[in-house]
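Worksheet: one structure, shown below.
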Amino acid sequence: MGESNSSIHKNYVEIISNNAIIKHYVNGMSRFLILWIVKYNGIIHGYAILKELDRFFSTLIDEGSLKKSNPSNIYPILNKMEESNLIISEYKIHNNKKLKYFKITDDGEHVLRYMYSRFDIIHNNNQWKLMFEDMD
């Protein structure tokens, strides 16, 4: 007798959630997305960045193959981005709470433009097209 659908789904989730390739992909994309989220919002506090990031990965989170973003993972990335002068921060009081808000710098804008141009190159590269066509 074959495996039940829930058993197959459980095995799939275990394989995907423990896969190093998936984790590296998500980690790499998270950094790019964080930078874009900061740019898109103009100025945004860390918790809002975390929530926006989860919206990008909501399908993976909903299926159980990815956990929600964790402040202990996001804030070190924000700190490194700030040390690299990709973003700057300032504290503001919001609802009687001191929150750290982030804004993109000119260097951060340059990095995003570079990434956009690389995506365009990938999109128009025949080898990449072949791979994406093969995924259908």
Side-chain angles (χ1 to χ4, degrees):
M1 189 180 280
E3 289 184 85
S4 70
N5 283 342
S6 64
S7 177
I8 291 169
H9 179 73
K10 181 180 177 191
N11 290 339
Y12 165 79
V13 169
E14 283 179 21
I15 291 167
I16 297 302
S17 64
N18 293 317
N19 188 288
I21 294 171
I22 302 295
K23 288 180 182 178
H24 288 294
Y25 167 76
V26 169
N27 286 337
M29 283 303 297
S30 293
R31 285 160 174 75
F32 170 73
L33 291 172
I34 288 169
L35 196 55
W36 180 83
I37 289 166
V38 172
K39 176 193 177 286
Y40 182 79
N41 286 278
I43 187 163
I44 185 171
H45 60 80
Y47 184 73
I49 294 170
L50 185 140
K51 289 299 182 193
E52 287 292 316
L53 195 58
D54 283 349
R55 289 178 55 199
F56 276 95
F57 295 111
S58 62
T59 302
L60 297 173
I61 292 167
D62 292 346
E63 74 182 10
S65 61
L66 184 68
K67 294 178 184 172
K68 286 187 173 189
S69 299
N70 186 320
S72 66
N73 295 329
I74 300 303
Y75 286 102
I77 294 170
L78 291 169
N79 291 335
K80 285 192 184 264
M81 287 182 165
E82 192 168 11
E83 289 170 9
S84 299
N85 196 39
L86 300 177
I87 59 176
I88 55 173
S89 68
E90 65 178 289
Y91 286 96
K92 293 185 177 186
I93 304 298
H94 180 73
N95 293 334
N96 293 324
K97 291 183 181 178
K98 186 177 177 183
L99 300 176
K100 192 173 187 179
Y101 283 80
F102 297 91
K103 183 178 179 179
I104 196 164
T105 64
D106 288 343
D107 288 355
E109 293 265 7
H110 291 304
V111 168
L112 274 180
R113 277 195 295 277
Y114 176 81
M115 293 298 297
Y116 293 156
S117 72
R118 299 305 94 173
F119 283 133
D120 190 47
I121 289 170
I122 288 170
H123 180 262
N124 292 310
N125 178 291
N126 288 332
Q127 286 303 110
W128 283 101
K129 285 180 183 178
L130 179 64
M131 184 194 75
F132 287 119
E133 288 170 5
D134 188 53
M135 292 169 50
D136 290 335

Over all atoms of both residues, closest heavy-atom pair of Asn125 and Gln127
OD1-N, 2.7 Å
Might you work through the side-chain contact (heavy atoms from CB on, under 4.5 Å) test for Asn124 and Asp120, ending with a clear yes or no?
CA-CA 6 Å; Asn124 292 310; Asp120 190 47; 3.3 Å; yes
State which residues pass side chain to side chain contact (heavy atoms under 4.5 Å, CB included) with Lys51; sequence neighbours excluded, sorted by chain then number.
Tyr47
For a side-chain contact (heavy atoms from CB on, under 4.5 Å) check, start with the C-alpha distance between Ile49 and Glu52, then their side-chain angles and the critical distance, and finish with the verdict.
CA-CA 5 Å; Ile49 294 170; Glu52 287 292 316; 5.7 Å; no
With sequence neighbours left out, what residues match Asn70 under side chain to side chain contact (heavy atoms under 4.5 Å, CB included)?
Ser72, Asn73
More than 12 non-hydrogen atoms from neighbouring residues, nucleotides or ligands closer than 6.0 Å to OH on Tyr116, yes or no?
yes
Partners meeting side chain to side chain contact (heavy atoms under 4.5 Å, CB included) with Lys103 (sequence neighbours left out):
Ile88
Quick one: CE on Met115 to CZ on Arg31, what's the gap to the nearest 0.5 Å?
12.0 Å
Answer with yes or no whether the hydrophobic clustering places Ile77 together with Ile43; edges join I, L, V, M, F, W, Y residues whose side-chain heavy atoms lie under 4.5 Å apart.
no
Atom OH of Tyr40: over 12 foreign heavy atoms under 6.0 Å
no
For the atom pair CD1 (Ile74) and CG (Leu50), what is the distance rounded to the nearest 0.5 Å?
5.5 Å
Distance in Å, Leu35 CG paired with Ser30 OG, rounded so as to fall on 0.5 Å steps
12.5 Å
Is the number of heavy atoms from other residues, nucleotides or ligands under 6.0 Å of Lys67 NZ greater than 12?
no
Is there a side-chain contact (heavy atoms from CB on, under 4.5 Å) between Lys92 and Leu99? Walk through the geometry before answering.
CA-CA 5 Å; Lys92 293 185 177 186; Leu99 300 176; 5.8 Å; no
Just verifying a value: how many Å separate Asp107 CG and Met81 CE, rounded to the nearest 0.5 Å?
13.0 Å
Nearest-0.5 Å distance, CD1 of residue Ile121 to CZ of residue Arg118
3.5 Å
Tell me whether Tyr114 shares a hydrophobic cluster with Trp36, the cluster being built from Ile, Leu, Val, Met, Phe, Trp, Tyr side chains joined at under 4.5 Å.
yes
Rounded to the nearest 0.5 Å, how far does CD1 of Ile104 lie from CD of Glu109?
4.5 Å
Honestly curious: do Val38 and Tyr101 fall in one hydrophobic cluster under the side-chain, below-4.5 Å linking rule?
no
Show the nearest heavy-atom pair for residues Pro76 and Pro71, with the distance to one decimal.
CD-O, 3.8 Å
Passing candidate, side-chain contact (heavy atoms from CB on, under 4.5 Å) with Ile34, options Ile44, Leu78, Leu86:
Leu78
Connected via hydrophobic side-chain network under 4.5 Å: Val111 and Phe102:
yes
Report yes if some heavy atom in the side chain of Met29 is under 4.5 Å from a heavy atom in the side chain of Phe57; otherwise report no.
yes
Before you tell me yes or no, could you show the steps for Lys97 and His45 under side-chain contact (heavy atoms from CB on, under 4.5 Å), namely the whole-Å CA-CA distance, both residues' side-chain angles and the distance that decides it to 0.1 Å?
CA-CA 12 Å; Lys97 291 183 181 178; His45 60 80; over 6 Å; no
Between the main-chain N or O of Lys100 and the side-chain N or O of Ser89, is there a donor-acceptor pair closer than 3.5 Å?
no
